[in-house]
Amino acid sequence: MGTMFSEDVIPVTDLKVNPGRVVDHVATVRRPVLLTKRGRGVAVVQSVRDYEAAEEERSFMRSVIAGLADLESGREVSLADAKSRLGLD
């Protein structure tokens, strides 16, 4: 779910004044909050659970891309050879 600019853009001064409200908002809506300073984005706040899920997804996608690059470069082994290398015969 993407950022809703009408709800999820908060000035840094609001974070300074009431950090609990910002943390509660992030936990409730399960969307990242964009912190701004003088009208420009300076940081993003998101829940640890959402951050970990996004990081896991990025890691998976990087692995898929690396695997596809290996296939395109001819760096592949047969299933039988892979099982043999892993001791799964």
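It should be emphasised that the depicted structure is a prediction, and the values quoted were computed from it without experimental measurement.
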Which residue pairs pass the salt bridge (Lys or Arg N to Asp or Glu O under 4.0 Å) test when at least one of the two sits in residues 10-24, sequence neighbours left out? D14-R21
Would you please name every residue forming a side-chain hydrogen bond (donor to acceptor under 3.5 Å, both in side chains) with E7, sequence neighbours left out? R31
Separation between CG of L15 and OG1 of T13, rounded to the nearest 0.5 Å: 9.0 Å
Taking only residues two or more places apart in sequence or in another chain, which ones pass salt bridge (Lys or Arg N to Asp or Glu O under 4.0 Å) with E55? R58, R62
For S78, enumerate each residue passing the side-chain contact (heavy atoms from CB on, under 4.5 Å) test, keeping only those at least two apart in sequence or located in another chain. A80, D81
Linking Ile, Leu, Val, Met, Phe, Trp and Tyr through side-chain heavy atoms less than 4.5 Å apart, which residues share a cluster with L88? L86
Less than 3.5 Å apart, which donor and acceptor atoms pair up between the side chains of residues 43-51 and the rest of the protein, not counting sequence neighbours?
| from | atom 1 | to | atom 2 | distance (Å) |
| --- | --- | --- | --- | --- |
| S47 | OG | D50 | N | 3.1 |
| S47 | OG | D50 | OD2 | 3.1 |
| D50 | OD1 | R30 | NE | 3.3 |
| D50 | OD1 | R30 | NH2 | 2.5 |

List the atom pairs, with distances to 0.1 Å, where a side-chain N or O of residues 32-41 and a protein N or O form a donor-acceptor pair under 3.5 Å, not counting sequence neighbours.
none

Can you get from V12 to V23 by hopping between Ile, Leu, Val, Met, Phe, Trp and Tyr side chains that sit under 4.5 Å apart? no
For residues 64-75, tabulate all N or O donor-acceptor pairs below 3.5 Å that involve a side-chain atom, not counting sequence neighbours.
| from | atom 1 | to | atom 2 | distance (Å) |
| --- | --- | --- | --- | --- |
| D70 | OD1 | R75 | NE | 2.9 |
| D70 | OD1 | R75 | NH2 | 2.7 |
| S73 | OG | A69 | O | 3.1 |

